[in-house]
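To keep things clear, I will list the structure first and then write my remarks on it.
The analysis underlying the following values was restricted to heavy atoms, covering all of them including side chains, and did not include hydrogens, waters or symmetry mates. Below, read A as the first sequence line, B as the second, and so on, with proteins coming before strands; counting in each chain starts at 1.
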Protein chains: 2
Amino acid sequence: MAAAVAVADAEGLAAVSIRRVAAELDARTMTLYSYIGSKEDLLALMLDAVGAEVLVHEPLPSSWREALVMIAWREREMVLRHPWRTDLISQRVAVGPNGLRHVEQKLSVFDGLGLDRLTSWRVLAAFNDYMTGFVVREALERGTPRSEGISDTERAAVAEPYIRELVESGEFPRLAPMIQEGVRGADDNFERGLNWVLDGIEGSLPR
Amino acid sequence: MAAAVAVADAEGLAAVSIRRVAAELDARTMTLYSYIGSKEDLLALMLDAVGAEVLVHEPLPSSWREALVMIAWREREMVLRHPWRTDLISQRVAVGPNGLRHVEQKLSVFDGLGLDRLTSWRVLAAFNDYMTGFVVREALERGTPRSEGISDTERAAVAEPYIRELVESGEFPRLAPMIQEGVRGADDNFERGLNWVLDGIEGSLPR
DNA sequence: TACGAAACTGATACGCTGTACGATATGCGA
DNA sequence: TCGCATATCGTACAGCGTATCAGTTTCGTA
C-alpha cells in the first residue's frame with residue numbers, strides 16, 4: 001500500500017498498476033494477490049491510508065465554524081500532497097475505518113448546536129461538496145505530476161494560439177480577458193469560497 | 001460521438017471503448033481513427049455534446065441569483081441524464097466550444113453588478129465547485145447504470161452486516177444512525193446547499 | 001468520361017492492463 | 001523429520017489504445 005501511494009504521488013494514479021507496484025517491491029506480479037483481493041482493494045487501502053492524514057488528533061476548536069475551517073485546510077493539504085486522491089473521488093471505492101472516523105469527526109463538530117439529523121447531514125453534505133469541487137478543480141489546474149512529460153511552458157505554448165483565437169472571435173467578451181490574464185492566489189480563492197459557504201450555513205442556524 | 005454517448009448513457013463510461021463504439025456503428029475498429037485522433041478526442045467530443053444541453057437559449061432571468069439557480073438545475077439534470085459526465089470531471093479533457101459558451105453564459109449573469117474580474121471569477125468558482133461536488137456525490141450514490149450487474153438489493157444485502165458492525169462498535173455514535181436510516185430527498189438537499197452558497201455570496205455583494 | 005488524389009476501410013500486431021490457474025518454494029507446528 | 005498451510009511465481013487469456021500498411025471506394029477536375 002505504501003509502495004502504491006509512493007508511485008501515485010510521484011507519477012500519478014495511472015502509473016499504479018499491479019505489475020508496477022510489485023516491481024517496486026522486488027516481487028513478481030501475482031505475489032501481490034496474496035495480500036489483496038483485487039486492484040480495487042489496493043485503491044481502497046491507498047484511500048484509507050491518506051484518509052488518516054486528515055484526522056485531527058488535537059482537540060477541535062469549540063466553535064463549529066473554526067473546527068470546520070481547520071478540517072477543510074487539512075483536507076486540502078492532504079490532496080495537494082496526494083493529487084491522485086481526486087481521481088478516485090468519482091469512483092465507487094470502499095470506505096475504510098479512517099474514512100469513517102473522518103466523517104464521524106466532522107459530525108462531532110455539530111455537537112451541542114441542537115441540529116436535527118437531517119440538517120446536520122445537509123450541512124455536512126454542502127461542506128463536503130464544496131470541498132470536493134474545489135480540490136478537484138485545483139488538482140486539475142495544477143496538473144498531475146509528470147503528466148506525459150508535457151511541461152507547463154509547452155502546454156502554454158500549445159494553448160496560446162487557441163487563446164488568441166478565443167479573444168479575437170469576440171464571442172467570449174467576458175471569458176477571454178480572464179483566461180488571458182489568469183487568476184492568482186489559490187489559497188485566497190479557497191478561503192473566500194469556503195467562507196461564503198460557511199456564511200450561508202451560519203445565517204440559517206438557530207441562534 | 002452520438003454512438004459513444006449512447007453507450008455511455010446505457011452502460012457507463014467504462015463500456016466506451018474504441019472497439020465497442022466501432023461495433024455499434026457496424027465499422028471495424030480502426031475506422032474510427034479516420035474521424036478522431038485519439039480516444040481522448042472522442043471523450044472531448046462527448047463532453048462538448050452534452051455540454052450543449054445545459055446552455056440556456058431563452059433570456060436569462062435578470063436577477064443574477066435566479067439565473068444561477070436556473071443554470072444550476074440544468075447542469076444537474078444534464079448530469080442525471082449522463083451520469084458518466086462525473087467520471088470525466090477529474091480528467092484533463094479539452095474544453096470545446098459549448099463548454100466555453102457555457103462559461104461565458106455564467107459570467108454574463110454578473111453583468112451590471114459592478115463586480116471586478118477577480119470577484120466574478122471567485123463567485124463563479126465557488127458556484128462551480130459546489131455544483132461539481134454535489135453532482136459527483138449524487139452520481140456516486142445513485143450508482144452507474146448497470147454497474148457490474150449488482151442490483152441495489154444485493155448491494156444492501158452485502159452492506160447490512162457491515163452496517164450492523166458499525167452501529168454495534170460504538171465508535172461512530174453520530175454516523176451510525178444516519179447510515180441506518182438513510183437520508184432522502186436529493187432535490188431538497190440540492191436546493192438547500194445551493195441556497196447556502198448563494199446566501200453567502202449575496203451577503204458579501206455590494207448593495 | 002477518365003484519371004489521380006484523397007478519403008475511407010480493414011487486418012494484423014505491439015505493448016500494456018487485471019487476474020485466473022496451477023506449479024513450486026518456504027516456513028512452522030506436531 | 002514430516003506434513004501442511006502459506007507465499008511466491010510463470011504462464012496465459014481477454015481486453016485495451018493505437019501504429020502500420022495495404023486495399024478499396026469516392027470525388028474533383030481535366
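- Taking the side-chain hydrogen bond (donor to acceptor under 3.5 Å, both in side chains) definition, one finds that A:R81 meets it with A:E53, sequence neighbours left out.
- Remark: A:R122 pairs with no residue by the salt bridge (charged side-chain N to carboxylate O under 4.0 Å, His left out) rule, at least two apart or across chains.
- Atom CG of B:L32 sits about 11.0 Å away from atom CZ of B:R19, to the nearest 0.5 Å.
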Pairwise N/O distances under 3.5 Å, protein to nucleotides 22-28 of chain C:
none

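- B:F110 is not listed as a side-chain neighbour of B:T119, based on a closest heavy-atom distance of 4.5 Å or more.
- In this structure, A:Y130 and A:F190 have parallel ring planes: the angle between them is below the 30° cut-off, well short of the 60° mark.
- Taking atom CG of A:L32 as the reference point, atom P of C:dT17 lies 13 Å away to the nearest angstrom.
- Contact detail for A:P97 and A:D48: the closest heavy-atom pair is CD-OD2, 3.2 Å.
- Looking at residues two or more places apart in sequence or on another chain, you find a side-chain hydrogen bond (donor to acceptor under 3.5 Å, both in side chains) between A:E104 and B:R174.
- Considering only heavy atoms from C-beta on, B:W64 comes within 4.5 Å of B:I201 through its side chain.
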Handout entry: Summary of protein contacts for nucleotides 5-17 of chain D, nucleotide by nucleotide, where a base hit scores B, a sugar-phosphate-only hit scores S (4.0 Å, heavy atoms)
Key = --SBBBBB---BB

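- A donor-acceptor contact closer than 3.5 angstrom links the side chains of B:R101 and B:N98.
- By the neighbour-count criterion of 12 heavy atoms within 6.0 Å, atom CH2 of B:W121 is sparsely surrounded, having that number or fewer from other residues, nucleotides or ligands.
- One end of the helix from C:dT1-D:dA30 to C:dA30-D:dT1 points its axis 0° away from the other end's axis, with each axis taken from 5 pairs and the angle rounded to 10°.
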